[in-house]
Amino acid sequence: MADGAGKKDVGVSKRTNWVTDLVEWYDANRRKLPWRSRPRPYAVWVSEIMLQQTQVDTMLPYYRRFMKRFPSLRSLAAADVHDVLSLWQGLGYYARARNLHRASQLVVEQHGGRMPRDPAVLRKLPGIGEYTVAAILSISFEIPLPVVDGNVARVTARLWAIHDDVGRPATRKAIADRLTGPIQTVSPGTFNQAMMELGALICRPRDPSCGVCPLMKHCAAKRQKRVGDYPVKKKRKAVPQYDVVVGVIHRRGRILLARRPASGMLGGLWEFPGGKIGSEDATAYPDTLCEKILSETGVEVKVGERLCTIDHTYSHFKIRLHAFLCRAQAGRARPLASDEVRWVPPRELDAFAMSTVGKKIVAAYDR
DNA sequence: AAAGCGGGGTG
DNA sequence: CACCCAGCTTT
């Protein structure tokens with residue numbers, strides 16, 4: 001009798017469930033984040049959209065401001081998209097804001113303002129894909145759908161020494177499949193957040209803290225001393241560089257801004273007129289800029305001194321941007337290559353939603 | 001300068 | 001499925 005009980009105890013302590021170890025670690029080590037206290041679907045949604053391609057520390061101040069201004073799904077749906085973009089200004093990936101705003105309106109129109117609990121229905125909303133469906137439904141409704149973000153892919157690839165490229169959809173699917181069993185043995189919201197938290201705090205891309213990892217004794221990569229070999233991913237290719245010229249165009253104490261088309265890159269944001277140029281000599285920039293401004297806004301300008309040069313990296317290319325002070329000579333401004341053009345008093349520039357580059361030009365102008 | 005994060009949309 | 005899109009942080 002005593003023998004049998006002893007055997008059982010040994011068995012349990014030697015091979016504890018990795019999910020139990022993970023969740024215990026999470027309960028003791030998780031960060032306190034605003035949407036974690038009592039997860040409402042709307043708060044989880046906003047946080048997950050902001051967290052795409054953006055780290056927690058970067059998005060946190062944006063999140064607080066956003067939730068203060070739009071505390072409910074209905075308040076967001078009722079807002080002007082320009083106000084939503086203004087709050088997103090500087091966070092990047094502006095399509096996320098446009099999609100979130102549009103999707104909130106669809107939830108009000110089609111679902112009475114309540115978040116759908118059906119994965120297939122949720123998935124149809126703009127900006128909501130496989131990952132976001134699983135995140136919202138698991139965290140706010142405890143529905144057992146595993147999320148597979150970069151953190152989870154990395155943790156899982158190491159845990160089971162998965163040698164497939166984690167960037168491929170098939171690998172992501174395989175990882176989700178392997179987590180479908182485990183997630184049903186505990187709170188799904190806790191499981192998913194614990195996996196992501198472990199990836200963010202312990203199982204980091206470089207220099208992971210294996211020594212304090214709750215999954216150390218379960219980890220195949222660690223056992224093989226090959227943690228650095230996982231996850232396997234394809235190298236990203238080099239990005240091209242372009243030169244860009246723009247004009248800060250004055251007329252009667254005002255400055256000309258153009259609003260980019262609503263869809264596409266930096267859609268709906270305001271910018272200084274100008275654009276990408278070829279590899280011509282720098283001495284030709286003023287003439288090129290003059291032509292560009294004329295063809296895009298119908299305004300004839302005299303190009304003056306260079307205001308600033310800004311290097312900026314986007315995800316798929318880099319730019320070296322040269323901003324020139326210009327003076328309008330003739331012509332009425334028309335939105336020939338944009339959705340809208342407007343002459344703006346310099347003091348009001350801050351009220352127009354711009355990308356980080358736009359704000360840098362404004363900052364250089366203010367100096 | 002290079003690498004890492006890395007979901008969604010499109011074709 | 002492959003490929004394109006979109007910025008900022010860390011090293």
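No hydrogens, no waters, no symmetry mates; every other heavy atom, side chains included, goes into these values.
- Residues A:Arg260 and A:Pro169 each lie close to DNA chain C; by heavy-atom proximity, the contact nearer the 5' end of the strand is made by A:Pro169.
- Side-chain heavy atoms closer than 4.5 Å link hydrophobic residues (I, L, V, M, F, W, Y) into clusters, and following such links, possibly through other members, connects A:Leu33 to A:Met59.
- Backbone-only contact: A:Ile128 has heavy atoms under 4.0 Å from sugar-phosphate atoms and none from a base.
- With values rounded to the nearest 0.5 angstrom, A:Leu91 atom CG is found 5.0 Å from A:Thr54 atom OG1.
- Contact annotation for A:Gly267: no contact, since no heavy-atom pair falls under 4.0 Å across all strands.
- A:Ser355 comes within contact range of no nucleotide atom at all, as no heavy-atom separation falls under 4.0 Å.
- In this structure, the CD atom of A:Gln55 is 10 Å from the P atom of B:dC5, given to the nearest Å.
- Here B:dG8 presents its P atom at 11 Å from CG of A:Asp149, a figure rounded to the nearest Å.
- Judged purely by distance below 3.5 Å, without hydrogens or angles, the side chains of A:Ser187 and A:Glu142 pair a donor atom with an acceptor atom.
- Among the heavy atoms of the strands lying under 4.0 Å from A:Leu266 are primed sugar atoms or P, OP1, OP2 only; no base atom is included.
- Of the candidate nucleotides B:dC5, B:dG9, B:dA3, B:dC5 has the atom lying nearest to any side-chain atom of A:Lys233.
- Using a distance-only test at 3.5 Å, with no hydrogens or angles considered, a donor-acceptor pair links the side chain of A:Thr171 to the main chain of A:Asp165.
- Here A:Tyr314 lies in heavy-atom contact (under 4.0 Å) with a base.
- Nearest-nucleotide assignment on DNA chain C puts the 5′-proximal partner with A:Thr171, out of A:Lys360 and A:Thr171.
- Distances from the side chain of A:Thr356 to the nucleotides C:dC8, B:dG9, B:dC5 place C:dC8 closest.
- At the heavy-atom level, A:Ala170 lies under 4.0 Å from the strands shown only through sugar-phosphate atoms.
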